[in-house]
There are 2 protein chains.
Amino acid sequence: MSLTLADAIERHILAQLAVAGEIAVQRVELARQYGCAPSQINYVLATRFTPERGFLTESRRGGGGYIRVRRAAQPELSRIAAALRAQPDGIAQAPAHALIARCRDAGLLTGREAAMLQALTRREAIGLPLPARDVVRARCLASALLALSDEG
Amino acid sequence: MSLTLADAIERHILAQLAVAGEIAVQRVELARQYGCAPSQINYVLATRFTPERGFLTESRRGGGGYIRVRRAAQPELSRIAAALRAQPDGIAQAPAHALIARCRDAGLLTGREAAMLQALTRREAIGLPLPARDVVRARCLASALLALSDEG
DNA sequence: AAGGTTTCTGACTTTCCCTGACCTTATTAT
DNA sequence: ATAATAAGGTCAGGGAAAGTCAGAAACCTT
């Protein structure tokens, strides 16, 4: 039952999210509150607020920098993206197109979005020899679906 | 939500543009309003009002000098796709993302479509070494945009 | 106790913002 | 014409963030 620093920071962010739906902090400031190194914040974000768990983070460096965290609007797409990522051999064209069609039929993608994704996952569009082609196809498709999980 | 000086000036110019379609200012005067160095205005123009983002700027020095900013003509998806295909070296990430953002701002892409395209043209999404990465990025992006131009 | 996993830090890197000193160009006064 | 003045342009560099990553430290598991 030991509550680690990472757990405490996780709870803090979750509590803020519950209240506001979105949290924007300065990394150095949050680290100061918890008396830890700034990179600890990155650790918490990397291990607990991942896309697979349905979170999205963005940040900006330099003067006026910040870190923002929010919940994914479409966690289903996050899950599909994570599953694709977990395929070491990537995905062939036919199953990829079928997957896209299912997402469209399920209302997760518009017709335009589906058409676009099918076009750019075609063999000729990627234009690499196997097996690299299937790997790149899976990575690109996963990234695209993950991005959509945000965009409501 | 720290709003930097550069952000504030950007908004100011955008607001003026929205009203008038074109803005003409004196650099030193705008700098005075914001209490900053004149060269800060150049920084804002150079980082935010670039041709890649769809803006055109012209200026004149000397007495009665000015800086003028306006929006560039709207691009067209099929033309962009063709231009991309004609690039033998492909396209790097930064210009690709700027291109996508510009299409979105011009109403040619929805926010979701743009987010997807930016995500899947990221370095890590493609995951190949250069120069292959830039080539694949261009091919995929061209295929996607072309599909959309058909799709209406 | 050994071995593995998770947590945490510090040094270094990258990105972004902003300024000041100096340069170029156009207009106006002499 | 020439000099003075009134603009804008350029660039190196400093400072303010956040990111990265190897490795130490702490914590489990067996």
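Lettering of chains follows the sequences in order, A, B, ..., and the numbering in each one begins at 1.
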| task | Using a strict 4.0 Å threshold on nitrogen-to-oxygen distance, state whether A/Arg137 and A/Asp134 make a salt bridge. | result | yes

| Selection: residues 118-129 of chain B, any non-hydrogen atom under 4.0 Å of DNA chain D | none

| said: Can you pull out every side-chain hydrogen bond (donor to acceptor under 3.5 Å, both in side chains) where at least one residue sits in residues 92-101 of chain A? Sequence neighbours excluded, please. | reply: A/Gln93-A/Arg123, A/His97-A/Thr121

| task | For each nucleotide in nucleotides 14-21 of chain D, reading 5' to 3', give B when a protein heavy atom comes within less than 4.0 Å of its base, S when such contact involves only the sugar-phosphate, and - otherwise. | result | --BBBBBB

| field | C/dC18 phosphate, OP1 or OP2, under 4.0 Å from B/Tyr43 side-chain N/O | value | no

| query | Under the 4.5 Å side-chain heavy-atom rule for ILVMFWY, direct or indirect, which residues accompany B/Ile126? | reply | A/Ile126, A/Leu128, A/Val136, B/Leu128, B/Val136

| task | Please state how far atom CD1 in B/Ile41 lies from atom P in C/dG20, giving the value in whole angstrom units. | result | 14 Å

| Applying ring pair (Phe, Tyr, Trp, His ring centres under 6.0 Å), which residue pairs with at least one partner in residues 7-32 of chain B are found, sequence neighbours left out? | B/His12-B/Tyr34

| field | Pairs satisfying side-chain hydrogen bond (donor to acceptor under 3.5 Å, both in side chains), at least one member in residues 14-28 of chain B, at least two apart | value | B/Arg27-B/Asn42

| message | Under 4.0 Å between a side-chain nitrogen and a carboxylate oxygen: does that hold for A/Glu29 and A/Arg32? | response | yes

| query | Is B/Arg139 salt-bridged to A/Glu124, cutoff N-O under 4.0 Å? | reply | no

| field | Given C/dT7, C/dC18, C/dG10, the nucleotide with the shortest approach to the side chain of B/Thr4 | value | C/dC18

| Taking OP1 and OP2 of D/dG8, is either one under 4.0 Å from a side-chain nitrogen or oxygen of B/Arg68? | no

| request: Specify the separation, in whole Å, of atom CD of A/Gln40 and atom C1' of C/dT7. | output: 6 Å

| query | Whole Å only: how far is the CD atom of A/Glu10 from the P atom of C/dC8? | reply | 12 Å

| field | Gap between atoms CZ and C1', on B/Arg32 and D/dG8 respectively (whole Å) | value | 17 Å

| task | Start with the C-alpha gap between B/Arg71 and B/Phe55, add the side-chain angles, then the distance that decides, and say whether side-chain contact (heavy atoms from CB on, under 4.5 Å) holds. | result | CA-CA 4 Å; B/Arg71 288 207 127 93; B/Phe55 295 96; 3.5 Å; yes

